[in-house]
Amino acid sequence: MRRYGKHTDEDDIRTRPNRKGNRPRTNIRPKHEDAAEGLVLTVDRGRLTCLVEDRVVMAMKARELGRKAAVVGDRVMLVGDLSGAKDTLARIVRIQERASVLRRTADDDDPYERVVVANADQLAIVTALADPEPRPRLIDRCLVAAYDGGLEPLLVMTKSDLAPPDKILELYGDLDIPYVVTSREELENGDAADRVREFLDGRITAFVGHSGVGKTTLVNALVPPERRRSTGHVNAVTGRGRHTTTSALALPLAGDDGWVIDTPGVRSFGLAHIDPSRVINAFPDLQPGTADCPRACSHDEPDCALDAWVEAGHADPARLYSLRRLLATRERTEGD
């Protein structure tokens, strides 16, 4: 066996020929300076539908992005075939920095964080006033996720023909959250869509809500007829809606002055990704009362100053209960 010494002549080094005749691998990645910007409209099994100028383009994620995934609402840079023709496929090479992020986990014990929507300006939290019954705890969780992700909340109450909105308005009236109340009749004649659209024009709004609250029905009233999605019904026995929206989808408002993002109905909204100390940000009516709290107060202990704040009439006791129940779910799983 031939052995090489310290001072080996380069001519003595044997090299293995490249039988395939291709270039060797390199860590230097192309800059893709000619990439075009697009908006992710929906994601389905690794294929992303993007809007590039006025064309709908199918794309896949480039390998160099690693595990970083694009979601609905992302601004991305694409290369390849951008014609939008049938059976063509572009490639996403960059994901632009996000202005806002709506995130959730499956439950409070799930460490896996899911990005639902990116770059939305507003989160429309849709709740039915009856059939199914409203779930204030789920609304609170959505508010926490909205404030934490940089989205402005909008409360949309549907089915006011079945129950009045008084209880919900009383619970959230002091939070200065904009709201809209709609009925089935108003959805049919277009009045509800007109009033909701006033809050949506020129903005990107993500819609989230429990299954069966009429979220997709409302979205269908806001978008062009050819872009409408199928809807379901509420089970008369369980009081729960059936999932008809299975993936998030960005749709242009009628008139192309803004976007709405319809998301699948949720039955739980985990907050495992959110630091408990930030949960209070979703309760601005309680925040001033924390000024006299002990350092590192969990707001769920005997010395918490919020008890005296609420007893003095500065906030609704139901809001403090909601905060503490929400904080409790960060430590143990609890049904909403």
Side-chain angles (χ1 to χ4, degrees), residues 32 35-106 110 112-124 142 145-146 149-151 203-209 211 215-216 219-220 222-224 226-232 243-253 258-270 273:
H32 299 297
E37 183 173 340
L39 171 68
V40 177
L41 301 180
T42 191
V43 182
D44 182 18
R45 291 168 291 185
R47 292 293 185 265
L48 299 95
T49 304
C50 304
L51 183 67
V52 180
E53 295 180 351
D54 58 348
R55 303 181 304 279
V56 176
V57 175
M58 291 298 295
M60 63 180 295
K61 185 186 70 171
R63 182 177 295 178
E64 56 258 36
L65 289 178
R67 300 184 65 180
K68 187 176 182 180
V71 301
V72 175
D74 264 325
R75 296 285 179 178
V76 295
M77 304 303 292
L78 302 99
V79 298
D81 194 330
L82 304 179
S83 65
K86 185 179 179 181
D87 298 327
T88 60
L89 192 64
R91 188 157 51 101
I92 294 175
V93 294
R94 284 196 301 277
I95 301 173
Q96 305 289 69
E97 184 178 355
R98 293 163 173 166
S100 67
V101 178
L102 177 65
R103 302 172 295 168
R104 64 180 286 259
T105 56
D110 183 8
Y112 181 67
E113 173 188 317
R114 296 161 177 82
V115 179
V116 183
V117 171
N119 297 319
D121 304 305
Q122 186 171 231
L123 180 64
C142 292
L151 291 80
R203 315 186 76 183
I204 299 176
T205 304
F207 279 69
V208 67
S211 301
K215 174 175 53 63
T216 300
V219 168
N220 284 344
L222 295 166
V223 303
E226 64 273 13
R227 304 301 299 272
R228 291 174 180 169
R229 312 186 80 178
S230 61
T231 58
H243 291 289
T244 54
T245 300
T246 58
S247 60
L249 174 65
L251 299 164
L253 282 173
W259 289 83
V260 295
I261 301 177
D262 189 19
T263 65
V266 295
R267 288 180 180 161
S268 65
F269 205 105
H273 61 286

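Along the sequence shown, residues are numbered consecutively beginning with 1.
In this structure the side chain of Phe207 reaches within 4.5 angstrom of the side chain of Leu222, judged on heavy atoms.
Atom-to-atom distance recorded for Ile92:CD1 and Leu65:CG is 8.0 Å, nearest 0.5 angstrom. Taken to the nearest 0.5 Å, the CG atom of Asn220 stands 10.0 Å off from the NZ atom of Lys215. Note: Arg98 CZ to Gln96 CD = 11.5 Å, rounded to the nearest 0.5 Å. Separating the CD atom in Gln122 from the CD1 atom in Ile261 is a distance of 11.5 Å, to the nearest 0.5 Å. Here the CD-CZ distance, from Glu113 to Arg103, works out to 4.0 Å after rounding to the nearest 0.5 Å. Atom CG in Leu151 sits 9.5 Å away from atom CG in Asn119 (nearest 0.5 Å).
Just one of Val219, Leu249, Val208, Leu123 meets the side chain to side chain contact (heavy atoms under 4.5 Å, CB included) condition when paired with Thr263; it is Val208. None of Val56, Leu78, Leu41, Val43 except one satisfies the side chain to side chain contact (heavy atoms under 4.5 Å, CB included) rule with Cys50; the exception is Leu78.
A donor-acceptor pair under 3.5 Å is formed between the side chain of Ser100 and the backbone N or O of Ala120. At least one donor-acceptor pair closer than 3.5 Å links the side chain of Asp121 to the backbone N or O of Ile204. With hydrogens and angles disregarded, a donor-acceptor distance shorter than 3.5 Å links the side chain of Arg55 to the backbone of Leu82. A donor-acceptor pair under 3.5 Å links the side-chain atoms of Ser268 to the main chain of Ala106, judged by distance alone. Side-chain N or O atoms of Arg91 include none that pairs as donor or acceptor with a backbone N or O of Leu89 at under 3.5 Å. With hydrogens and angles disregarded, no donor-acceptor distance shorter than 3.5 Å links the side chain of Lys61 to the backbone of Arg94. Without hydrogens or angle criteria, Asp74 side chain to Val76 main chain gives no donor-acceptor distance under 3.5 Å.
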Show your working on side-chain contact (heavy atoms from CB on, under 4.5 Å) between Arg75 and Glu37 and close with a plain yes or no.
-> CA-CA 7 Å; Arg75 296 285 179 178; Glu37 183 173 340; 3.4 Å; yes
side-chain contact (heavy atoms from CB on, under 4.5 Å) between Arg104 and Val116, worked out | CA-CA 7 Å; Arg104 64 180 286 259; Val116 183; 3.6 Å; yes
Dump the intermediate steps for side-chain contact (heavy atoms from CB on, under 4.5 Å) on Val115 and His273, then the final yes or no.
-> CA-CA 11 Å; Val115 179; His273 61 286; over 6 Å; no
Step by step, work out the side-chain contact (heavy atoms from CB on, under 4.5 Å) result for Trp259 and Leu51.
-> CA-CA 12 Å; Trp259 289 83; Leu51 183 67; 3.7 Å; yes
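In terms of heavy-atom proximity, Asp81 sits nearest to Ala90 at O-CB, 3.5 Å. The minimum heavy-atom distance between Thr105 and Tyr112, with the atom names listed, is CG2-O, 3.4 Å. Contact record, Pro252 with Pro224: O-CD, 3.3 Å, taken as the closest heavy-atom pair. When all heavy atoms are compared, the tightest approach of Leu39 to Gly73 is CD1-O, 3.7 Å. Residues Ala35 and Val93 share a closest heavy-atom pair of CB-CG2, 4.2 Å.
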